[in-house]
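Presented below is the structure to which this report refers.
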Amino acid sequence: MFQEFGIVGLVLGIQALIPCKFADFPNDGYNLMNLIKSSEARECFYIMLKINALFTTVDTFDELPKDIVKKLKEKDFSKLDLSNPIIANTYLFKVELFYITGEFEKTYELYKSIMNNESILKTFKNEAQCECLFFAIMNDDKKNIDKLYSKKLRKYIKSTSIYPERQRLMYAYYKFYKHDEQEALKYENELKKSINTFAIKANAIYESKIINNLKTRGTL
């Protein structure tokens with residue numbers, strides 16, 4: 001039995017090192033290949049490792065060091081290869097920083113550019129489309145809401161329903177577009193629970209603050 005487990009583990013380990021993507025997700029070998037080939041990918045990887053390490057010690061985004069936030073927001077991605085998932089992931093987090101710091105118009109424009117960029121992985125495009133849907137709801141742009149909330153996106157939203165940002169999105173969808181208070185409350189309660197269960201607590205806390213703003217002011 002132990003020999004069989006050992007053989008399976010060895011095979012899985014070898015497979016992980018062969019560069020490939022499964023359902024649009026790059027494996028370790030694919031990421032390693034990108035790190036070897038690109039100094040920019042290595043820099044982005046370092047940035048995200050540092051930020052993820054910080055998330056283990058802070059409870060809110062406000063506690064992130066201002067110099068790191070400023071450096072990433074000012075980093076120029078215009079000439080970088082966004083088909084590289086490591087670089088694209090870092091760029092997506094840069095856009096999230098504009099959202100976190102309240103620069104909503106800039107955030108919306110950047111998410112639209114990601115959503116329409118054919119070189120970016122489908123997963124990142126889906127994330128951007130979710131955020132574009134949120135901004136369309138808040139702008140009461142009914143035509144774009146129906147267009148963005150496609151069958152494919154609904155499937156993606158369902159598969160990522162544990163994400164706090166997804167719970168915030170669906171709260172806004174039912175609260176302001178469908179005017180279904182009961183469904184909106186369901187997603188609000190799910191988000192409250194995720195504060196104690198989601199891996200990045202600061203993320204859940206921030207999304208909960210967004211919902212509180214929407215409840216009291218009806219705007220961001």
Side-chain angles (χ1 to χ4, degrees), residues 21 24-26 28 30-135 138 160 162-169 191 194-195 198-211 213 220:
K21 289 186 287 186
D24 204 42
F25 285 96
D28 291 338
Y30 190 92
N31 285 328
L32 180 61
M33 179 184 68
N34 282 320
L35 289 171
I36 292 171
K37 291 168 60 177
S38 169
S39 61
E40 288 291 348
R42 291 195 293 274
E43 181 187 358
C44 287
F45 188 62
Y46 171 76
I47 291 170
M48 292 310 297
L49 281 177
K50 192 168 186 177
I51 289 172
N52 284 330
L54 287 168
F55 280 141
T56 65
T57 62
V58 303
D59 287 333
T60 68
F61 285 125
D62 294 334
E63 296 176 61
L64 286 176
K66 298 294 187 290
D67 59 324
I68 292 178
V69 173
K70 184 175 183 291
K71 183 179 179 180
L72 185 51
K73 285 176 69 176
E74 292 176 351
K75 184 173 176 59
D76 184 10
F77 284 81
S78 61
K79 295 180 181 179
L80 300 187
D81 180 13
L82 292 178
S83 66
N84 185 313
I86 296 171
I87 294 174
N89 183 50
T90 310
Y91 179 57
L92 197 69
F93 187 74
K94 171 186 173 174
V95 178
E96 289 173 3
L97 285 177
F98 285 110
Y99 171 67
I100 290 164
T101 53
E103 299 171 70
F104 300 122
E105 289 187 15
K106 185 175 183 67
T107 305
Y108 191 15
E109 291 304 314
L110 289 172
Y111 275 131
K112 283 192 284 188
S113 71
I114 292 172
M115 184 179 69
N116 295 316
N117 190 323
E118 292 303 321
S119 66
I120 293 178
L121 286 178
K122 184 180 177 182
T123 300
F124 299 134
K125 287 163 66 72
N126 284 337
E127 285 293 318
Q129 188 170 338
C130 284
E131 295 306 326
C132 286
L133 173 59
F134 175 72
F135 282 109
M138 299 316 302
T160 57
I162 64 168
Y163 293 2
E165 53 264 52
R166 215 61 74 237
Q167 293 154 4
R168 177 254 302 161
L169 167 63
L191 181 52
S194 71
I195 291 175
F198 196 66
I200 302 176
K201 187 176 181 179
N203 189 11
I205 290 174
Y206 181 75
E207 296 297 352
S208 183
K209 287 181 178 178
I210 291 291
I211 282 188
N213 286 340
L220 292 170

| Can you tell if the side chain of Leu80 reaches within under 4.5 Å of the side chain of Lys75, non-hydrogen atoms only? | yes
| Rounded distance (nearest 0.5 Å) linking atom CD1 of Ile68 with atom CG of Leu54 | 5.0 Å
| query | If you measure from CG on Leu82 to CG on Asn117, what distance do you get to the nearest 0.5 Å? | reply | 6.0 Å
| Carboxylate-amine/guanidinium contact Arg166 Glu207, below 4.0 Å | no
| note | ring pair (Phe, Tyr, Trp, His ring centres under 6.0 Å) test vs Phe61 passes for just one of Phe93, Tyr206, Tyr99, namely Tyr206
| task | Considering non-hydrogen atoms only, spot the tightest contact between Cys130 and Leu169 and give its length. | result | O-CD1, 3.7 Å
| Does the side chain of Phe124 reach to within under 4.5 Å of the side chain of Pro85, using non-hydrogen atoms? | yes
| task | Please collect all salt bridge (charged side-chain N to carboxylate O under 4.0 Å, His left out) contacts where either partner lies in residues 96-110, sequence neighbours excluded, each pair once. | result | Lys73-Glu103, Glu109-Lys112
| request: Would you give the length of the straight line joining atom CD1 of Ile162 to atom CG of Leu191, rounded to the nearest 0.5 angstrom? | output: 12.5 Å
| message | A side-chain contact here means heavy atoms from C-beta on lying under 4.5 Å apart; do Glu40 and Ile87 qualify? | response | yes
| task | Please name all residues satisfying ring-ring contact (aromatic ring centres under 6.0 Å, His included) with Phe45, sequence neighbours left out, ordered by chain then number. | result | none
| message | Between Leu72 and Thr90, is there a side-chain heavy-atom distance shorter than 4.5 Å? | response | yes
| field | Interatomic spacing from CD1 in Ile205 to CD1 in Ile200 - rounded to 0.5 Å | value | 12.0 Å
| query | Can you find a heavy atom in the side chain of Glu131 that is under 4.5 Å from one in the side chain of Glu165? | reply | yes
| task | Measure the spacing between OG of Ser113 and CZ of Phe77 and express it to the nearest 0.5 Å. | result | 12.0 Å
| message | I'd like to know if the side chain of Lys125 reaches the main chain of Met115, judged simply by a donor and an acceptor atom lying under 3.5 Å from each other, with no hydrogens or angles considered. | response | yes
| Check against side-chain contact (heavy atoms from CB on, under 4.5 Å), Tyr163 and Glu127 | CA-CA 11 Å; Tyr163 293 2; Glu127 285 293 318; 3.8 Å; yes
| message | With rounding to the nearest 0.5 angstrom, report the OH to CG distance, Tyr111 to Asn116. | response | 14.5 Å
| Any side-chain heavy-atom pair from Asn84 and Ser38 closer than 4.5 angstrom? | yes
| request: Could you tell me whether the side chain of Thr107 reaches within less than 4.5 Å of the side chain of Phe135, counting heavy atoms only? | output: yes
